[in-house]
Amino acid sequence: MKVGLTERLDSFVRKHDDRQLAALPLVLFVISLIILAITFASSGSPVKLGMDFEGGTMVSMASQESVTAIQQKYADYPITDVRQAGSRIIMQFGPMSDELQQELTTDVINSYDNVEINQVGPVYGASLQKQAVKAVIVSFIGMAIVVFLIFRTFVPSVAVVLSALSDIIIAAAFMNIVGIELSLGTVAALLMLIGYSVDSDILLTTRVLKRRGTPQENISNAMHTGVTMTTTTLAALVAMYVISTFSYVLSPSFSQITLLSNISIVLIFGLVADMMNTWMLNTSILRWHVTSVGTRRRKA
């Protein structure tokens, strides 16, 4: 009786031809590109930049006041976000003048207990932005070079690179949809996503190209290992997301760990996209390539 995720996915792949398998990943890839393009046209960046890259001030303090009351109290400042995390209130402000900054700092320190203030200047943020973009581009190019060196075959190598690119594009579009800003943490998540994506894609490509047996048998064998790897990582990430996001529900003394929460949710969605891209998009391209090569050899 086929009840497991791997068995259901394997059955799905067997029942559909290559065009049908590739259709959904490609449609989501195009939709994600459109979302990023709209965001770029409206804000000048494909994803919304966080304080790390735009500059600004983050204030965390112990308070029992409501979020609405805090928003009204600091409405004269360039406040961009207010949220409650357990017994603490976290406020985020955009760039402001030195005088306004000093006024805000004095007011918060005099009004609340356990105040933590982090400030990033706009010039430093712009520098970090350039470094982050370089890190993502260099990592992706490095990954593509390694993939081409390993397989030395154009179509399978392009399939691996396309799958990894789609993972990152879909994850970035997801960030725009749910309002997650690009921070140093989420950049790290996108970089980690490249590694996770390449793992499963190389596993699949190696099994299909370098092992004996029919393409479908090799795909099924790779799927059992790859899905187990990905679901194990997903389980760990879900646990990290729940603990870092909702631990304050158990005790008001715990506060939300925003950085870990954002990293884990971006990776969770990216790995779900990776499962789709690996076992539908990459699989369809590989199956078509192996079948085409076999047909040409028989004709020759």
Side-chain angles (χ1 to χ4, degrees), residues 2-10 12 25 28 32 47-48 50-52 58 60 62 67 81 83-90 92 116 118 132 135-136 139 143 163-164 166-204 222-280 282:
K2 297 177 180 179
V3 293
L5 172 63
T6 307
E7 287 75 14
R8 290 178 183 275
L9 186 58
D10 188 26
F12 180 83
L28 290 180
S32 299
V47 291
K48 186 180 179 183
M51 192 184 77
D52 292 338
M58 179 175 287
S60 172
V67 169
D81 182 45
R83 58 183 178 275
Q84 191 165 15
S87 60
R88 299 185 70 81
I89 291 288
I90 299 173
Q92 191 169 325
E116 296 177 9
N118 295 314
V136 173
S139 299
M143 178 272 293
S163 179
S166 181
D167 290 351
I168 294 176
I169 295 296
I170 292 176
F174 168 77
M175 289 170 59
N176 287 339
I177 292 173
V178 300
I180 298 176
E181 297 176 339
L182 189 70
S183 64
L184 292 176
T186 49
V187 168
L190 294 176
L191 291 173
M192 284 189 278
L193 199 54
I194 295 175
Y196 284 126
S197 173
V198 171
D199 270 355
S200 54
D201 286 319
I202 287 182
L203 169 70
L204 171 64
M223 190 179 292
H224 279 79
T225 304
V227 171
T228 301
M229 289 164 50
T230 306
T231 51
T232 303
T233 307
L234 276 172
L237 289 171
V238 169
M240 186 169 82
Y241 175 72
V242 171
I243 293 172
S244 61
T245 308
F246 302 109
S247 57
Y248 65 86
V249 175
L250 299 175
S251 171
S253 60
F254 296 144
S255 60
Q256 187 183 63
I257 308 172
T258 307
L259 178 64
L260 290 182
S261 177
N262 288 344
I263 289 176
S264 53
I265 191 63
V266 171
L267 282 174
I268 287 169
F269 198 84
L271 285 180
V272 171
D274 179 57
M275 289 187 69
M276 176 191 69
N277 285 319
T278 300
W279 304 114
M280 294 178 70
N282 198 359

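Positions are given from 1 along the sequence.
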Problem - S197 (side chain) donor-acceptor with L193 (main chain) under 3.5 angstrom - result: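 No, because the side chain of S197 does not come within donor-acceptor range (under 3.5 Å) of the backbone of L193.
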
Problem - S244 side chain to Y241 backbone, donor-acceptor under 3.5 Å - result: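 Yes; judged by distance alone, with no hydrogens or angles, the pair exists.
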
Can you tell me how far [atom2] of [Y] sits from [atom1] of [X], rounded to the nearest 0.5 angstrom?
X	Y	atom1	atom2	result
S139	L191	OG	CG	4.5 Å
S32	D167	OG	CG	10.5 Å
M223	L203	CE	CG	10.5 Å
L237	T232	CG	OG1	11.0 Å
Q92	R83	CD	CZ	6.5 Å
D199	I194	CG	CD1	12.0 Å

Minimum heavy-atom distance between [X] and [Y], given as atom pair plus value:
X	Y	value
I268	L234	O-CD2, 3.7 Å
L190	V266	CD2-CG1, 4.1 Å
S261	T245	OG-OG1, 2.7 Å
L260	M240	O-CE, 4.0 Å
V47	N176	CA-OD1, 3.3 Å
A164	M143	CB-CE, 3.7 Å

Handout entry: Pair T186-E181, side chain to side chain contact (heavy atoms under 4.5 Å, CB included): steps then yes or no
Key = CA-CA 8 Å; T186 49; E181 297 176 339; over 6 Å; no

Handout entry: Parallel, tilted or perpendicular, as decided by the 30° and 60° cut-offs, for the rings of F269 and F174
Key =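 Plane angle under 30°, so parallel.
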
Practice task
Examine the side chains of S163 and N282 and answer whether a donor and an acceptor come within less than 3.5 Å of each other.
Solution key: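 No pair is found: no donor N or O on one side chain lies under 3.5 Å from an acceptor on the other.
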
Exercise for the section: Assess the side chains of S200 and D274: does a donor N or O sit below 3.5 Å from an acceptor N or O? Expected result: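 D274 and S200 do have a side-chain donor-acceptor pair below 3.5 Å.
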
Exercise for the section: Take N277 and I170 through the side chain to side chain contact (heavy atoms under 4.5 Å, CB included) test and state the conclusion after the steps. Expected result: CA-CA 10 Å; N277 285 319; I170 292 176; 4.0 Å; yes

Problem - Min side-chain heavy-atom separation W279-L204 under 4.5 Å - result: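 Counting from C-beta outward, W279 and L204 do come under 4.5 Å.
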
Exercise for the section: Assess whether side chain to side chain contact (heavy atoms under 4.5 Å, CB included) is satisfied between L28 and M276, documenting all intermediate values. Expected result: CA-CA 10 Å; L28 290 180; M276 176 191 69; 3.5 Å; yes

Exercise for the section: Start with the C-alpha distance between M229 and T233, add both sets of side-chain angles, then the distance that settles side chain to side chain contact (heavy atoms under 4.5 Å, CB included), and finish with yes or no. Expected result: CA-CA 6 Å; M229 289 164 50; T233 307; 5.6 Å; no

